[in-house]
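Working notes, structure below.
Note that this is a predicted model, so its numbers are computed, not measured.
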Amino acid sequence: MSVEARLREQLCDLAASLYARGLTHGSTGNISARTADGGLLVSPTGSSFGRLDPARLARFDATGRQVDGDRPTKEMPLHRAFYDTRDGTGAVVHLHSCHSVALSTLPTDTPQDWLPPVTPYALMQLGQVTLLPYFRPGDEAMGDAVRGLNGTCAAVMLANHGPVVAGRTPEAACNAVEELEATARLALMLRGLPARMIPETEIPALTRVHRIAWET
């Protein structure tokens, strides 16, 4: 099996796992990965994470021209924005996961650091998560908003929509978006309670773990 064939299988297997555990539903969500020649593999528009076909993934060459597969997700501007602005991005995953979407609808005083530091793991896997405003699905302005962050964030939360996470590998991106959803669930469970968060003095060291992982 070729390197690209294995990558195609991996993307579909990871997507199916996310779907099976209720982290996305119906035909929501999209996933992409960088190929060895600098191109992209992207899940098709209107496809279900539970039933992706490796042979039908949209294939783009290094110039951004589609050369094979079905029509890609309409959220391509989001994916391209991460690849273009964040060095080392090897994969991007976007979900409509329930708890993170619910949390995104509630007021926050810190949209630039949206996800509360409930556990160390989100800080280590995601770093800082920025809440972006609501955009209509498929709006190219979503990509512009990600570009406006100049590659400083590996993860954003689209208000009333869902998380988008970049990783060095497909597995890393999926692990990180799962951690985002788990943290959002904990935050909702603790909302209104006198919860004890990670001490502020610990946060720089934990987010440094995330930065080092991207640099190595």
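Between Leu18 and Cys174, some side-chain heavy-atom pair lies under the 4.5 Å cut-off. Side-chain contact check for Leu103 versus Arg191: some heavy-atom pair is nearer than 4.5 Å. Side-chain atoms of Phe49 and His25, non-hydrogen and from C-beta on, never get closer than 4.5 Å to each other. Contact annotation: the side chain of Met142 approaches that of His161 to within less than 4.5 Å [non-hydrogen atoms, C-beta and beyond]. Leu52 has its side chain out of reach of Asp13: every pair of non-hydrogen atoms, C-beta onward, lies at least 4.5 Å apart. The closest side-chain heavy-atom distance from Thr201 to Ile203 is not below 4.5 Å. The shortest side-chain heavy-atom distance between Glu179 and Met124 does not fall under the 4.5 Å cut-off. Val164 places a side-chain heavy atom less than 4.5 Å from the side chain of Phe82.
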key: Val92 vs Ile31, side-chain contact (heavy atoms from CB on, under 4.5 Å): CA-CA, chis, key distance, verdict   = CA-CA 6 Å; Val92 176; Ile31 191 169; over 6 Å; no
request  = Decide yes or no on side-chain contact (heavy atoms from CB on, under 4.5 Å) for Val42 and Asn30, but give the supporting numbers first.
outcome  = CA-CA 8 Å; Val42 185; Asn30 34 82; 5.7 Å; no
task = Could you go through the side-chain hydrogen bond (donor to acceptor under 3.5 Å, both in side chains) check for Ser43 and Ser47 one step at a time?
result = CA-CA 7 Å; Ser43 57; Ser47 58; 4.7 Å; no
query = Would Leu7 and Gln10 satisfy side-chain contact (heavy atoms from CB on, under 4.5 Å), going step by step from the backbone distance to the final call?
reply = CA-CA 5 Å; Leu7 180 60; Gln10 182 187 30; 3.8 Å; yes
message = salt bridge (Lys or Arg N to Asp or Glu O under 4.0 Å), that's the test. Do Arg59 and Asp37 meet it? Break it down for me.
response = CA-CA 11 Å; Arg59 175 66 155 94; Asp37 63 359; 3.0 Å; yes
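Residues Leu78 and Leu40 share a single hydrophobic cluster, defined by chaining ILVMFWY side chains whose heavy atoms lie under 4.5 Å apart. The cluster map of Ile, Leu, Val, Met, Phe, Trp and Tyr, joined by side-chain heavy atoms under 4.5 Å apart, puts Tyr121 and Leu188 in different clusters. Both Leu180 and Leu23 belong to a single network of hydrophobic side chains, linked directly or stepwise wherever heavy atoms of I, L, V, M, F, W or Y lie under 4.5 Å apart. Hydrophobic clustering (ILVMFWY, side-chain heavy atoms < 4.5 Å, transitive): Leu131 and Leu115 are in one cluster. Hydrophobic clustering of Ile, Leu, Val, Met, Phe, Trp and Tyr side chains at less than 4.5 Å, counting indirect connections, keeps Val118 apart from Leu126.
Under a 3.5 Å cut-off, the side chain of Thr110 and the backbone N or O of Asp113 do form a donor-acceptor pair. A distance-only check finds a donor-acceptor pair linking the side chain of Asp53 to the backbone of Ala55 [under 3.5 Å]. Distance alone, capped at 3.5 Å, is enough to place a donor-acceptor pair between the Thr85 side chain and the Ala81 backbone. Between the side chain of Arg168 and the backbone N or O of Trp214, at least one donor-acceptor pair lies under 3.5 Å. Put simply, the side chain of His96 never gets that close to the backbone of Gly162: no donor and acceptor are under 3.5 Å apart. Judged by distance alone, with hydrogens and angles left aside, the side-chain atoms of Glu140 form no donor-acceptor pair with the main-chain N or O of Pro77 at under 3.5 Å. Checking side-chain atoms of Glu202 against main-chain N and O of Pro204 turns up no donor-acceptor pair under 3.5 Å. A donor-acceptor distance shorter than 3.5 angstrom exists from the side chain of Arg21 to the backbone of Ser17, with no hydrogens or angles considered. The backbone N or O of Glu75 sits less than 3.5 Å from a side-chain atom of Thr73, completing a donor-acceptor pair. Remark: side-chain polar atoms of Glu9 are not paired, donor with acceptor, to backbone N or O of Pro54 under 3.5 angstrom.
The neighbour count for Arg71 CZ, taken as heavy atoms of other residues, nucleotides or ligands under 6.0 Å away, does not exceed 12. Within a 6.0 Å radius of CE in Met189, no more than 12 heavy atoms belonging to other residues, nucleotides or ligands are found. More than 12 non-hydrogen atoms from other residues, nucleotides or ligands lie less than 6.0 angstrom from CZ of Arg147.
Atom CD in Gln125 sits 12.0 Å away from atom CG in Leu206 (nearest 0.5 Å). How far CG of Leu158 is from CZ of Phe135: 8.0 Å, rounded to the nearest 0.5 Å. To the nearest 0.5 Å, atoms OG1 (Thr169) and CG (Leu14) are separated by 8.5 Å. Interatomic distance, OG1 of Thr35 versus CG of Leu57, reported as 11.5 Å (0.5 Å rounding). Rounding to the nearest 0.5 Å places CZ of Arg6 at 13.5 Å from CG of Leu11.
Checked against the 6.0 Å centroid criterion, the rings of His79 and His94 do not qualify as a close aromatic pair.
Between Asp70 and Pro44, the shortest heavy-atom distance links the atoms CB-CB, 3.7 Å. Contact between Asn160 and Tyr134 at its shortest, heavy atoms only, is CB-CD1, 4.1 Å. Phe60 approaches Gly64 most closely through the heavy-atom pair CD2-O, 3.4 Å. In plain terms, the two heavy atoms of Ser104 and Met157 that are nearest each other are CB-CE, 3.8 Å. Of all heavy-atom pairs spanning Lys74 and Thr45, the tightest one is N-OG1, 4.2 Å. Nearest approach of Pro117 to Leu123, heavy atoms of both residues: CB-CD1, 4.1 Å.
A salt bridge does not link Arg80 with Asp84: none of the charged nitrogens is closer than 4.0 Å to a carboxylate oxygen.
Considering only residues two or more places apart in sequence or on other chains, Ser97 meets the side-chain contact (heavy atoms from CB on, under 4.5 Å) condition with Leu95, Ser100, Pro163, Glu181.
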